[in-house]
There are 2 protein chains.
Amino acid sequence: MAATSAGKTYHHGDLRNALICAAVDLATAGGPERVVLREAARRVGVSPTAAYRHFEGRGELLRTVRNHARRELAASMERAAAREPGADDPVLAAERRVAALCRGYVGFAVEQPGLYRAAFCAAHPAAAGEPEPGRATAEPEIRAFTLLREALEALARLGAGRPGARPATGAAAWSAVHGLSLLLADGPLRRLSAHGRSVVVDATLAMVVSGTTTV
Amino acid sequence: MAATSAGKTYHHGDLRNALICAAVDLATAGGPERVVLREAARRVGVSPTAAYRHFEGRGELLRTVRNHARRELAASMERAAAREPGADDPVLAAERRVAALCRGYVGFAVEQPGLYRAAFCAAHPAAAGEPEPGRATAEPEIRAFTLLREALEALARLGAGRPGARPATGAAAWSAVHGLSLLLADGPLRRLSAHGRSVVVDATLAMVVSGTTTV
DNA sequence: CCCGTAATGTTCATGCGGTTAACTTCGGGC
DNA sequence: GCCCGAAGTTAACCGCATGAACATTACGGG
């Protein structure tokens with residue numbers, strides 16, 4: 001039977017994916033706290049507990065959404081970088097790439113605040129103790145950060161000779177872009193007009209691209 | 001009767017404050033999502049619904065905690081700035097003040113991650129529509145930001161003559177410090193060693209203090 | 001072609017948290 | 001002394017996460 005379309009079979013056929021999609025929709029609409037197992041099941045037309053056949057629980061579902069969101073974020077950055085026209089001057093090109101990646105990052109956060117928040121949600125919404133002291137589960141690496149860091153390193157290599165205008169460290173740049181995104185998407189700057197927003201974004205990008213670092 | 005101490009009267013005498021304290025403790029220990037009305041009431045030794053005599057509901061309690069946390073954050077910044085030794089050079093002094101404020105900010109976030117997150121929680125943990133289009137309720141102003149902005153303005157005024165080394169815009173600086181705080185307190189950088197942390201903080205501060213801005 | 005088994009869903013039940021409604025106690029003003 | 005309103009209390013409803021026991025179906029031997 002056509003698993004995903006026919007519909008009325010007892011066995012759904014692709015529940016896991018269906019639940020993920022529903023959960024992503026929920027996160028998109030209302031952020032990570034809105035990712036509710038029962039609601040996702042309801043939307044897929046299945047009983048609440050069916051989800052437990054495919055996920056450990058809400059936590060794992062949320063983690064899956066988080067990973068999805070992180071991929072989307074990185075994709076948004078790469079799209080923005082790809083749109084950027086090249087430049088003859090390699091330094092200029094590198095600067096533009098950094099700026100474009102950052103714009104893609106912030107743009108994603110502003111256009112998809114719910115997903116963006118989900119991308120960085122703790123996934124431990126109520127865990128008290130430190131369940132993992134050994135940390136066997138390595139964090140899966142966040143591509144958005146890697147992209148940014150590599151672009152900055154490239155820029156730093158090119159501009160090594162110029163005095164006092166080295167770009168920011170990867171982590172410093174990430175901090176700036178991440179903080180800006182949260183302030184704009186969900187925080188105190190959320191009500192800024194499009195113009196006000198672009199002013200703030202430009203100022204932050206300038207700081208990131210040309211800021212000096214002591215390290 | 002001694003309102004806050006005697007204890008066993010039917011009427012508590014200072015329930016509102018007691019609940020706020022309990023809620024602050026909860027946020028301190030586990031962040032805003034742990035601020036649970038029933039638990040706060042339990043700790044104070046009162047029935048869950050008693051809280052409704054003093055708060056509209058969980059939302060208002062959480063907002064109260066948030067305001068408390070914001071005050072604490074600003075206080076941490078001012079303490080750090082006050083500890084900072086003066087300097088003969090006014091520019092240097094201004095730079096030091098900015099850096100000290102930032103350190104106070106990040107320090108608070110790292111030492112009190114739960115409270116810090118509470119300071120910026122949306123307080124609309126499950127609100128779908130936009131209940132307030134007119135926005136009559138002006139946001140109460142966030143002192144942490146004001147402190148930072150003013151210090152940066154002072155620095156910018158002093159350093160107006162120097163070429164290519166203007167400090168960051170208030171919003172850009174706030175972005176950097178806020179993002180750094182979240183990454184360190186609760187985000188992907190939360191497992192950094194004290195040393196790694198200080199490297200990242202220094203790099204970010206350098207970017208903030210000496211970064212150029214186009215605006 | 002039939003059957004057993006495991007995978008996949010379902011129903012019931014428990015416990016927690018937010019919130020409302022209706023009742024109770026107590027501190028004071030008259 | 002009495003009555004009222006503020007501050008608490010109990011009971012009840014709803015949604016959510018989760019676990020246990022039961023039902024249905026797909027499928028790979030025989």
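Chain letters run A, B, ... following the sequence lines, proteins first, then strands; residues in each count from 1.
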Quick one: [X] [atom1] to [N] [atom2], roughly how many Å, whole number?
X: A:F55; N: C:dG9; atom1: CZ; atom2: P; answer: 11 Å
X: A:D14; N: D:dT25; atom1: CG; atom2: C1'; answer: 17 Å
X: A:R43; N: D:dC16; atom1: CZ; atom2: P; answer: 11 Å
X: A:Y52; N: C:dT10; atom1: OH; atom2: C1'; answer: 15 Å
X: B:R38; N: D:dC16; atom1: CZ; atom2: C1'; answer: 13 Å
X: A:R53; N: D:dG19; atom1: CZ; atom2: C1'; answer: 11 Å
X: A:R34; N: D:dC16; atom1: CZ; atom2: P; answer: 11 Å
X: B:R16; N: D:dA6; atom1: CZ; atom2: P; answer: 16 Å

Cationic tip of B:R70 above B:Y116 ring, under 6.0 Å, 45° of axis: no

Any salt bridge linking [X] with [Y]? Criterion: basic side-chain nitrogen under 4.0 Å from a carboxylate oxygen.
X: A:R42; Y: A:E39; answer: yes
X: B:E60; Y: B:R16; answer: yes
X: B:R197; Y: B:D202; answer: no

Looking only at side-chain N and O atoms, does A:H54 come under 4.0 Å of OP1 or OP2 in C:dG9? yes

5'-most by nearest nucleotide on DNA chain D - A:R42 or A:E56: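 Upstream on the strand: A:R42.
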
Hey, which sits more toward the 5' end of DNA chain C by its nearest nucleotide, A:T49 or B:V36? A:T49

